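So that the names make sense, note that chain A is the first sequence line, chain B the second, and so on, each numbered from 1. All values below were derived from every heavy atom in this structure, side-chain atoms included, with hydrogens, water molecules and symmetry-related copies excluded. Remember, predicted model here, so these are calculated numbers, not experimental data.
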There are 2 protein chains.
Amino acid sequence: MHRSRLSSAIIDCNDLQEASRFWSGALGVEVASEDPPYVFLRGGAGGLQVGLQLVPEPKAAKSPVHLDFETDDLDAEVARLEALGARRQRFVEHWGIMEDPHGNEFCVVPRRPEEMPSDAADWTA
Amino acid sequence: MHRSRLSSAIIDCNDLQEASRFWSGALGVEVASEDPPYVFLRGGAGGLQVGLQLVPEPKAAKSPVHLDFETDDLDAEVARLEALGARRQRFVEHWGIMEDPHGNEFCVVPRRPEEMPSDAADWTA
């Protein structure tokens with residue numbers, strides 16, 4: 001018998017310091033370890049850890065894997081992420097598509113307040 | 001004040017049924033909802049939900065975002081994932097790089113048994 005679990009989502013970047021600043025701010029968590037070409041952040045959703053990986057190549061056109069945020073206030077969350085350096089790309093149906101400073105797409109999905117899990121971060125404008 | 005959290009990792013595929021079979025097997029979790037072009041699985045790491053998205057285009061060359069598994073038995077985990085349809089791509093240092101049936105890379109990282117979180121799945125060969 002052996003054991004396994006999904007442990008991390010690793011995001012490419014061309015600047016570890018900039019990526020650490022953006023993603024630690026976006027998730028509201030601190031850097032857990034720096035070991036270039038990797039930086040790991042403390043968990044941002046349950047036990048999942050977000051990692052950043054320095055890569056030499058420019059970003060691929062479109063990622064076949066992306067991350068979603070959920071929030072009880074879409075406009076406030078988009079504004080918060082823009083202030084950190086994310087770019088608003090487009091809105092599809094009821095959610096927003098944004099890009100991190102490396103150009104990686106992620107989505108911001110609205111939820112009703114009562115749908116938000118207890119481990120969501122509280123943000124004050 | 002508003003709230004947000006990282007909620008999901010969404011993985012592109014060209015076949016929702018095949019992707020659901022592989023990823024639900026890989027994570028040991030059931031399908032939570034089917035609403036094409038999306039299928040969501042029950043959480044595979046803490047509160048993070050893995051989703052599958054049907055896309056018309058072929059896979060991009062290399063994803064700038066990838067997921068990691070952690071396991072207390074690398075050989076057994078790689079064999080388990082191969083049996084589900086993953087392909088072994090290469091080994092870098094002490095971890096394995098594999099591809100899901102859509103060609104999305106993911107890593108399998110070895111841990112000592114005492115490092116494995118309590119929410120890891122138990123697998124019997």
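Listed here is the closest heavy atom pair of B/R80 and A/S4: NH2-OG, 3.5 Å.
Contact count versus chain B (heavy atoms, under 4.5 Å) is highest, among A/V109, A/L67, A/N104, A/V65, for A/V65. Comparing A/A121, A/A9, A/C107 by heavy-atom pairs within less than 4.5 Å of chain B, the highest count is held by A/A121.
Both A/V108 and A/F22 belong to a common hydrophobic cluster when Ile, Leu, Val, Met, Phe, Trp and Tyr are linked at side-chain heavy-atom distances under 4.5 angstrom. Transitive grouping of hydrophobic side chains (ILVMFWY, heavy atoms separated by less than 4.5 Å) keeps A/I97 and A/L81 in distinct clusters. Residues B/Y38 and B/L6 are members of separate hydrophobic clusters, defined by side-chain heavy-atom contacts under 4.5 angstrom among Ile, Leu, Val, Met, Phe, Trp and Tyr. A/W23 and A/L84 fall within a single hydrophobic cluster, where Ile, Leu, Val, Met, Phe, Trp and Tyr are joined by side-chain heavy atoms under 4.5 Å apart, directly or via other members. When the side chains of ILVMFWY residues are joined at heavy-atom separations under 4.5 Å, either directly or via intervening members, B/I10 and B/V31 end up in two distinct hydrophobic clusters.
Atom CD of A/Q17 has 12 or fewer neighbouring heavy atoms from other residues, nucleotides or ligands inside a 6.0 Å radius. Around CD of A/Q89, the count of heavy atoms belonging to other residues, nucleotides or ligands within 6.0 Å exceeds 12.
Between A/H2 and B/W123, the ring planes are tilted. Angles from 30° to 60° get that label.
Residues of residues 68-77 of chain A that come closer than 4.5 Å to chain B, counting heavy atoms only, are A/D68, A/F69, A/E70, A/T71, A/D72, A/D73, A/A76, A/E77, ordered by residue number.
Counting only residues at least two apart or on different chains, the salt bridge (Lys or Arg N to Asp or Glu O under 4.0 Å) pairs with a member in residues 19-35 of chain A are A/E18-A/R21.
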